[in-house]
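In what follows, a structure is listed as structure tokens, so that the remarks can point back to it.
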There are 2 protein chains.
Amino acid sequence: MRTPTELAQVFREKQLKLTPQRQLLFNLLHDNESHPTAESLFEIASKQMPGISLRTIYQTLGELAEMKELQLVDIGNGATRFDPNMSEHQHFVCDSCGAIHDVDITSAPKLRAGSADGFAVEEIGVVFRGRCGRCNQGDQSRQTTKRSPGLQAKNKAS
Amino acid sequence: MRTPTELAQVFREKQLKLTPQRQLLFNLLHDNESHPTAESLFEIASKQMPGISLRTIYQTLGELAEMKELQLVDIGNGATRFDPNMSEHQHFVCDSCGAIHDVDITSAPKLRAGSADGFAVEEIGVVFRGRCGRCNQGDQSRQTTKRSPGLQAKNKAS
DNA sequence: TGTTAGTTAGCATGACTTGCAAATTAGAAA
DNA sequence: TTTCTAATTTGCAAGTCATGCTAACTAACA
Ligand SMILES: [Mn+2]
Ligand SMILES: [Mn+2]
Ligand SMILES: [Zn+2]
Ligand SMILES: [Zn+2]
């Protein structure tokens, strides 16, 4: 994603208003590597701008995504994560703490879906799952990421 | 996924009842390569067994998943897809017709997340997107897969 | 055939998003 | 600076997908 200043320029050119809500989000997202959810951004934004609407967060995130200023990262479970880092990279999701880390697949050559099958691949999404370094060592801390609650219901610890 | 007969055996051993609902699903899922949603299975099942509950479909699918008899395929958008094919393979999702096809990555060597970062990768999910052979040629048929409706709202065709 | 633990069916509830319309406001013109 | 208006923000309803809960039901076995 571009800098808040650059984005302001882009918005002006498209006769989109430079509202304080938008500017705040530009700032919160710039260089943000936490892969936040709309909800988490809402909480943070609310501190600096009490009263801002969650609806507006979704709205703005959607606009930025449409403008290719950020990408949506779908990790299967839970809310969509937003990523201002548009460079080609993949993600590692920690099943323990829920954190998402960027992963650059330098080694693995470009994947190719069998074009022989007639598929026109436009996008490839890769998500690694496991436990991050911190969660790996030490405590078996409480699981944050809920993996299909129901599917584990039967494990009744009696 | 194993055959309906084999599954019956497994269920008996685990003192799980062999209900007609379960048997029906065993049959509908066996060798099913359509990557159905719970809803689509429900519709088909309803024809052979009017009155069957969608809740039961979800319930049974969850159990089978827990038993590693089928896997959940998350394509980001829409409902979860269920896949009785447990062999290691990836998926291609057609953005035009929504169909999901199996893809065997023979060429691409095993991906590895930088273990140097201390990540313990347990699972890798890969989803290819694009247009399938049929949708690629001929008509630019109506899009079935809805990609973030809101994000395209602004494209007002006036 | 009776007994009972395992299942099903319905409906409520929850998580995450989007639709909608009234109220508000940024930005340009007067 | 005041006025004007199209763009935006809000709050709330509604939608989609999935799970929680529990009364009614039944497969399986003695
Ligand atoms: Mn990222
Ligand atoms: Mn498959
Ligand atoms: Zn972690
Ligand atoms: Zn297609």
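Just so we're on the same page: letters track the sequence lines, and every chain starts at 1. In this text, all values refer to a predicted model and were calculated from it rather than measured experimentally. Worth knowing before you read on, the calculation uses all heavy atoms, side chains too, and leaves out hydrogens, waters and symmetry mates.
Between the CD atom of E66(B) and the P atom of dG6(C) there is a distance of 14 Å, given to the nearest Å. Distance CG (L61(A)) to C1' (dT9(D)): 14 Å, rounded to an integer number of Å. Going from atom CD of E39(A) over to atom P of dG14(C) covers 15 Å, rounded to whole Å. Between the CD1 atom of I75(A) and the P atom of dC16(C) there is a distance of 10 Å, rounded to whole Å. Summarising the geometry, the separation between CZ on F42(B) and P on dA18(D) is reported as 14 Å, rounded to the nearest angstrom.
Partners of T3(B) under the side chain to side chain donor-acceptor pair (under 3.5 Å) rule, at least two apart in sequence or in another chain, are E6(B). S87(B) meets the side chain to side chain donor-acceptor pair (under 3.5 Å) test with N85(B); sequence neighbours excluded. Considering only residues two or more places apart in sequence or on other chains, H91(B) meets the ring-ring contact (aromatic ring centres under 6.0 Å, His included) condition with H35(B), H89(B). The ring-ring contact (aromatic ring centres under 6.0 Å, His included) check on F26(A) picks up F11(A), with sequence neighbours excluded. Taking S34(B) as the reference, N32(B) meet the side chain to side chain donor-acceptor pair (under 3.5 Å) condition, with sequence neighbours excluded. Residues forming a side chain to side chain donor-acceptor pair (under 3.5 Å) with E122(A) (at least two apart in sequence, or on another chain): none.
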Just by protein heavy atoms under 4.0 Å, how would nucleotides 23-30 of chain D read 5' to 3' in B, S and -?
---BBS--

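The salt bridge (Lys or Arg N to Asp or Glu O under 4.0 Å) pairs that include a residue from residues 67-88 of chain B are R2(B)-E69(B), where partners are two or more places apart or lie in different chains.
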With 3.5 Å as the limit, what N/O pairs link the protein to nucleotides 10-13 of chain D?
residue, atom, partner, partner atom, Å
dT10(D), OP1, Q21(A), NE2, 3.1
dT10(D), OP2, S53(A), N, 3.0
dT10(D), OP2, T56(A), OG1, 2.5

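Phosphate contact (OP1/OP2 of dA18(D), side-chain N/O of Y58(B), threshold under 4.0 Å): present. Dashed line: the shortest gap from a side-chain N or O of T80(B) to OP1 or OP2 of dA18(D) is under 4.0 Å.
T60(A) contributes no side-chain N or O that, together with a main-chain N or O of I57(A), makes up a donor-acceptor pair within less than 3.5 Å.
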